[in-house]
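A quick write-up on the structure given underneath.
Just so you know, these numbers come straight off a predicted model, no measurement behind them.
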Amino acid sequence: MSSRYSALFSCLLFAISAFSADQVTLTNGDRFTGDILKSDGKTLTLKTELAGTIEIQWSGVKELASDHTLTVTSGAEHPYSGIVAARDGVVTITAGPGDVRTVPQAEVKALRTPTEQLAYEKSLNPPLYRGWNGGINVGFALTGGNSKTTNLGVAFTAARPTLTDKWNLYANSVYATNNAPGVTATTTANNITAGARYDRNITKRLFGFVNTDFQTNELQELDLRSLFGGGLGFHAIKGERTTLDLLGGANYTHETYWTLSRSIGAMTIGDEFMHKIGAGTTLVQKLFFYPDMSNFGEHHTTFDLSTVTKLSKWLGWQNSFSDIYVSNPPAGARKNDIIFTTGLNIAFTH
């Protein structure tokens, strides 16, 4: 008798264990058992014992039953938590006895475990010191013998995107000298630029921005250019592999050269493009045009193009090209400054 009761008890435990797992039935009749992790209204992520973590089309879910609390977000309603079941196109959330809510399955925007929901809520308003990612670029070249030159390029970029806003910081410096025998020692490049931009989403496509940029350039006799601006931007392309932002607004620019100082009210017109090439290379292009609103025909333009190819998780190889054009520099200074740097990229996240 004892062996019979033991077998019966084992079967009961097995049945309870099987029943306690989340159940998902698809429109084609397939059934899956496991732990529901999350859904974004397009796919359902389920962790199974044998098949691992799988993704299922949300529209292909015919029936669903959870044995643990999930948080459901639908439309503009506040999230609602409870035991979730779905059948015949209707999702039922049971928070407790007599506390039941139903929503159409097609209107479900998100389905999350308590852990996933907590992480999502933290991502909405993370502390300013968290969520940053970027890289430091370093390039150095030194020659001797018949030639004697020194070239150093250093750049820094950092971004902190959230679901509602985004911070961008950047700084780069290029310094080069020529001290060849028989040649007067000269500085062939001494250029420092830095800036920041803050974006705030207004809709899924439209955002507002404020920005500031600073630049000094010895060869162009520029002690300091300070730019403060703002405007609106539009996410023309917003994908995981490709993004394109179009920006327009106005700015106040103050320039101090060796021989003159001036203030300019100008427009801001530009674009920012990013595309991931394959699994390891990212291409970034930026073009900004600043026409002077008080002196027609005068302007300055900045163009940047860079690529970073991953060599490891934290190390990459970068190439960058930059062209800064000023239509009316002081007498004797050239209008264009073209810079090309290449070197190592050290990536970071926080």
T256/R225 under side chain to side chain contact (heavy atoms under 4.5 Å, CB included): CA gap, chis, key distance, verdict: CA-CA 6 Å; T256 303; R225 175 184 293 121; over 6 Å; no
Check: [X]/[Y] side-chain N/O donor and acceptor closer than 3.5 Å:
{"X": "T187", "Y": "N190", "answer": "no"}
{"X": "S320", "Y": "T341", "answer": "yes"}
{"X": "T307", "Y": "W317", "answer": "no"}
{"X": "T186", "Y": "N178", "answer": "no"}
{"X": "Y198", "Y": "N168", "answer": "no"}
{"X": "T268", "Y": "N251", "answer": "yes"}
{"X": "S81", "Y": "T71", "answer": "yes"}
{"X": "R262", "Y": "N295", "answer": "no"}

Check whether any side-chain heavy atom of [X] lies under 4.5 Å from a side-chain heavy atom of [Y], and answer yes or no.
{"X": "Q117", "Y": "P114", "result": "no"}
{"X": "H300", "Y": "S327", "result": "no"}
{"X": "T27", "Y": "K62", "result": "yes"}
{"X": "T53", "Y": "L37", "result": "yes"}
{"X": "D323", "Y": "N336", "result": "yes"}
{"X": "L244", "Y": "E272", "result": "no"}

Sequence neighbours excluded - ring pair (Phe, Tyr, Trp, His ring centres under 6.0 Å) pairs with any residue from residues 219-258: F207-H235, F214-F228
Candidate pair T309 and T281, rule side-chain hydrogen bond (donor to acceptor under 3.5 Å, both in side chains), full reasoning: CA-CA 4 Å; T309 300; T281 300; 3.0 Å; yes
Of all heavy-atom pairs between [X] and [Y], which one has the smallest distance, and what is that distance?
{"X": "I93", "Y": "G82", "answer": "CG2-N, 3.6 Å"}
{"X": "D22", "Y": "I36", "answer": "OD2-N, 2.7 Å"}
{"X": "A158", "Y": "W132", "answer": "CB-CE3, 3.9 Å"}
{"X": "G208", "Y": "L232", "answer": "CA-CD2, 4.1 Å"}
{"X": "V24", "Y": "I56", "answer": "CG1-CD1, 4.3 Å"}
{"X": "S322", "Y": "D304", "answer": "OG-OD1, 3.1 Å"}

Interatomic spacing from CG in L70 to CD1 in I83 - rounded to 0.5 Å: 7.0 Å
Distance, nearest 0.5 Å, that separates CZ of F32 from OG1 of T48: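 Here the rounded value is 8.0 Å.
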Derivation of the side-chain hydrogen bond (donor to acceptor under 3.5 Å, both in side chains) call for D88 and Q105: CA-CA 9 Å; D88 298 330; Q105 183 174 329; over 6 Å; no
Are [Y] and [X] connected into the same hydrophobic cluster when the rule is that any two of I, L, V, M, F, W, Y join if their side-chain heavy atoms are below 4.5 Å apart?
{"X": "M267", "Y": "Y325", "answer": "no"}
{"X": "V138", "Y": "F348", "answer": "yes"}
{"X": "I269", "Y": "V326", "answer": "no"}

Where the side chain of [X] meets the backbone of [Y], is there a donor-acceptor pair that is under 3.5 Å apart?
{"X": "R241", "Y": "K276", "value": "yes"}
{"X": "N201", "Y": "T203", "value": "no"}
{"X": "W58", "Y": "K109", "value": "no"}
{"X": "T94", "Y": "G96", "value": "no"}
{"X": "T342", "Y": "Q318", "value": "yes"}

More than 12 heavy atoms from other groups under 6.0 Å of CZ on R87: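 Not buried by this count: 12 neighbours or fewer within 6.0 Å.
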Heavy-atom neighbours of M274 CE exceed 12 at 6.0 Å: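 Check passes, neighbour count above 12.
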Salt bridge K47-D35, side-chain N to carboxylate O under 4.0 Å: no
Residues D199 and R197 bridged, charged N to O under 4.0 Å: yes
Side chain to side chain contact (heavy atoms under 4.5 Å, CB included) evaluation trace for T33 with Q23: CA-CA 5 Å; T33 300; Q23 309 287 325; 3.2 Å; yes
Name of the residue among L283, V284, D245 meeting side-chain contact (heavy atoms from CB on, under 4.5 Å) with F273: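 In the set L283, V284, D245, the residue that makes a side-chain contact (heavy atoms from CB on, under 4.5 Å) with F273 is L283.
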is_close_aromatic(H299, Y290), centroid dist under 6.0 Å: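 No, the ring centres sit 6.0 Å or more apart.
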Stepwise side chain to side chain contact (heavy atoms under 4.5 Å, CB included) test for N191 and Q215: CA-CA 8 Å; N191 185 359; Q215 181 185 5; 3.7 Å; yes
Verdict with supporting geometry, T73 and R112, side chain to side chain contact (heavy atoms under 4.5 Å, CB included): CA-CA 9 Å; T73 302; R112 302 184 183 95; 4.0 Å; yes
Criterion side-chain hydrogen bond (donor to acceptor under 3.5 Å, both in side chains) on Y175 and N151, from CA distance to verdict: CA-CA 6 Å; Y175 179 77; N151 297 274; over 6 Å; no
